[in-house]
Structure formats: C-alpha cells, structure tokens
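Just so it is clear: chains get the letters A, B, ... in the order the sequence lines come, proteins before strands, and each one is counted from 1.
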Amino acid sequence: MFEAHARDVAPRLLGARLTANGVTLRLTEVEAYGGSGEDPGSHAFRGRGRRNATMFGPPGRLYVYFTYGMHWCANVVCGPEGEASAVLLRAGEVVDGLAEARGRRPSARNDAELARGPARLTRALAITGADDGADLGAGPIRLELPERPAIAFATGPRTGVSGPGGDGAAFPWRFWLPGEPTVSGYRPHTPRRRPAY
DNA sequence: GAAATGATCGTCT
DNA sequence: GACGATCATTTCA
C-alpha cells in the first residue's frame with residue numbers, strides 16, 4: 001500500500017483512522033510531497049539530510065518534523081525505500097478521545113477546530129519529534145485504512161508552499177473530503193514580514 | 001470581518 | 001544568519 005508514490009497513496013488515506021495517545025482521528029485532508037529532485041516543495045528535494053532521514057527510509061513510517069520554532073507536522077512515508085515521497089496529514093475529525101483532544105487544544109472554539117491544520121492535528125494527538133520514524137502498522141501510533149477508499153474527494157493546489165517554481169499550484173497534490181467542517185481549506189502563504197525600510 | 005505580527009528553534013546556507 | 005509544509009492573538013476597518 002505505502003509502496004506507491006505519495007500522490008497515489010494520499011487519496012486513499014482520506015477517511016482513514018489515525019490513533020495516538022488516546023485520541024482517534026478520521027483523516028479529512030492530506031497533501032502529497034514528491035521525492036528527491038522531483039518536487040521543489042518537498043523536504044526531500046535536496047536529498048537526504050539530518051531532518052528528513054526518515055523520508056528516505058522504509059514506507060509506512062511516520063515522518064515528524066519541527067517548524068516555525070514551535071510546531072510539529074506529521075507525514076506518512078511512501079514510495080519504495082529511497083524515493084522519499086510522503087503524505088502530510090493536514091486535518092481530521094476527532095472520533096474518539098474527545099476529552100483528551102479538548103484538553104490539549106484549549107484554544108479550539110469547537111470540535112471541528114481540534115485537528116484542523118497540520119500543527120493542530122499533531123497537538124491534538126500529542127505527536128512530537130519523539131515519534132519520528134514510528135511504524136504505523138504496529139506500536140502505539142496506528143493508521144487504519146478505510147474499508148473502502150473515499151469515492152468522492154477533491155483535489156487542489158497545496159497550501160503554504162512558496163518560492164520560485166515551488167508554488168503550490170505546480171503540484172495539485174492536496175486532497176480533501178468535500179463538505180467536511182474539519183478541512184483547513186486554502187490559505188494564501190503570507191510572507192513572514194516585509195523588510196522595514 | 002480581514003490582515004498583520006509575534007512566538008521560537010532546528011536545519012541548512 | 002535566515003527562514004520555514006503554522007497558529008493564536010492583536011489590530012484595523
């Protein structure tokens with residue numbers, strides 16, 4: 001299953017159940033990233049480094065990285081070992097462990113916001129860098145595929161990917177379940193800060 | 001409402 | 001030394 005390229009695996013993850021630390025999520029939005037040299041927006045584009053080593057390992061593992069000085073994001077490693085494509089888990093609906101998730105996300109105004117957005121998702125599930133490389137088939141963090149793949153899903157440009165030739169529209173590899181209140185939706189990339197004169 | 005901004009640090013240049 | 005696969009909060013209309 002995870003031997004395929006991330007772009008093919010991603011739509012099949014929609015509706016899957018991800019369980020970690022007492023909370024279970026139904027995935028509603030994911031995003032695919034290509035392998036080394038293939039996709040400028042991918043961490044793997046410039047080859048293997050310290051951070052992305054897990055991407056180059058066997059598929060079916062969790063790749064967790066730290067960003068913006070405070071957030072964790074979780075991916076499922078795909079492709080044959082060495083290809084390093086991966087699927088970013090962007091959003092999901094909490095279907096079990098609601099109380100736990102609410103406790104971890106006090107700022108959420110409603111349950112749909114508990115795991116809407118990649119960093120919120122990891123927070124709701126209490127996933128951190130310590131979980132990088134975890135095997136999703138066995139162990140405390142589990143991913144159960146839907147009995148039947150989602151029939152109706154939407155595709156679009158990726159969010160948050162910027163740079164010359166690396167804009168999100170170059171690879172329309174974002175997949176989501178239409179009509180789900182837990183989908184984070186498209187948000188234009190806002191520059192960190194305009195240089196002061 | 002929308003938009004700007006601070007938080008905060010590992011990784012790569 | 002810059003900046004990011006982001007979020008929460010504040011500011012402005």
Side-chain angles (χ1 to χ4, degrees), chain A residues 5-7 9-11 13-14 18 25 27-56 61-79 84-92 94 101-133 155-176 182-197:
Chain A
H5 191 281
R7 96 175 78 82
V9 175
L13 291 182
L14 293 173
L18 177 67
L25 219 64
L27 296 177
T28 56
E29 183 188 2
V30 298
E31 214 166 76
Y33 284 84
S36 183
E38 173 192 20
D39 173 8
S42 172
H43 285 173
F45 183 65
R46 297 179 183 279
R48 185 176 183 140
R50 184 167 212 83
R51 171 179 57 167
N52 61 13
T54 302
M55 287 183 81
F56 289 83
R61 307 279 270 274
L62 198 64
Y63 165 48
V64 184
Y65 67 89
F66 189 67
T67 190
Y68 288 104
M70 64 181 71
H71 296 306
W72 296 101
C73 292
N75 303 246
V76 177
V77 177
C78 296
S85 70
V87 178
L88 170 68
L89 308 179
R90 289 197 59 86
V94 176
R102 285 173 180 154
R104 290 169 187 152
R105 300 258 313 109
S107 63
R109 303 163 120 233
N110 56 62
D111 290 345
E113 281 187 353
L114 289 174
R116 186 173 68 190
R120 293 165 170 177
L121 183 150
T122 57
R123 186 137 203 83
L125 293 181
I127 290 174
T128 69
D131 302 306
D132 184 42
T155 309
R158 297 183 302 198
T159 73
V161 183
S162 63
D167 63 293
F171 295 89
W173 289 351
R174 177 170 162 259
F175 305 86
W176 69 94
T182 51
V183 173
S184 61
Y186 178 72
R187 205 177 315 135
H189 179 67
T190 53
R192 180 184 180 71
R193 180 176 189 177
R194 287 296 287 175
Y197 303 25

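- When side chains are defined from C-beta on, A:F175 does not count as touching A:V87, because their heavy atoms never get closer than 4.5 Å.
- The strand DNA chain B forms stems, runs of 3 or more Watson-Crick or G-U wobble pairs with distances below 3.5 Å, at B:1-7 with C:6-12, B:9-12 with C:1-4.
- Nearest to the side-chain atoms of A:F66 among the listed nucleotides B:dC12, B:dC9, C:dG4 stands B:dC9.
- Separating the CZ atom of A:R123 from the C1' atom of B:dT8 is a distance of 14 Å, rounded to the nearest angstrom.
- Regarding A:H71, its NE2 atom lies at a distance of 18 Å from the P atom of C:dC3, rounded to whole Å.
- Of the candidates C:dC7, B:dC12, C:dA5, the closest approach to any side-chain atom of A:M55 belongs to C:dA5.
- Counting only heavy atoms from C-beta outward, the side chains of A:T182 and A:R120 never approach each other to under 4.5 Å.
- For A:H5, the ring-ring contact (aromatic ring centres under 6.0 Å, His included) test picks out A:W173, with sequence neighbours left out.
- When distances run from any side-chain atom of A:Y65 to the nucleotides B:dT13, C:dC7, C:dA5, the shortest one goes to C:dA5.
- Within the 4.5 Å cutoff, no side-chain heavy atoms of A:T67 are placed close to those of A:H43.
- Using a 4.5 Å cut-off on side-chain heavy atoms (C-beta onward), A:L62 and A:I127 make contact.
- Between A:V76 and A:L89, the closest side-chain pair of non-hydrogen atoms falls below 4.5 Å.
- The pair A:R7-A:D39 does not meet the salt-bridge criterion, since no charged nitrogen lies less than 4.0 angstrom from a carboxylate oxygen.
- Salt-bridge check for A:E31 with A:R90: passed, with a basic side-chain N closer than 4.0 Å to an acidic carboxylate O.
- Residue A:W72 contributes atom CH2, which lies 15 Å from atom P of B:dT8 at whole-angstrom precision.
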Check the interface with nucleotides 8-11 of chain C: list each N/O to N/O pair with the protein under 3.5 Å, or write none.
| unit_1 | atom_1 | unit_2 | atom_2 | d |
| --- | --- | --- | --- | --- |
| C:dA8 | OP1 | A:R105 | NH1 | 2.6 |
| C:dA8 | OP1 | A:R105 | NH2 | 3.4 |
| C:dA8 | OP1 | A:S107 | OG | 3.1 |
| C:dA8 | OP2 | A:R120 | NE | 2.9 |
| C:dA8 | OP2 | A:R120 | NH2 | 2.6 |

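- For A:R123, the CZ atom is loosely surrounded, since the number of other residues' heavy atoms within 6.0 Å does not exceed 12.
- When distances run from any side-chain atom of A:H43 to the nucleotides C:dA5, C:dT6, B:dA7, the shortest one goes to C:dA5.
- Spacing of C1' atoms, C:dC3 relative to B:dT5, comes out at 16 Å, to the nearest Å.
- Rounding to whole angstrom units, CZ of residue A:R116 and P of C:dT6 are separated by 15 Å.
- Put simply, OH on A:Y68 is 14 Å from C1' on B:dT11, counting in whole angstrom units.
- Between the CE atom of A:M70 and the C1' atom of C:dC7 there is a distance of 8 Å, rounded to whole Å.
- A:R90 has its CZ atom 9 Å from the C1' atom of C:dT6, to the nearest Å.
- Of the listed nucleotides (C:dG4, B:dT13, C:dC7), C:dG4 has the atom at the smallest distance from the side chain of A:T67.
- The CZ-P distance, from A:R158 to C:dT6, rounds to 11 Å in whole Å.
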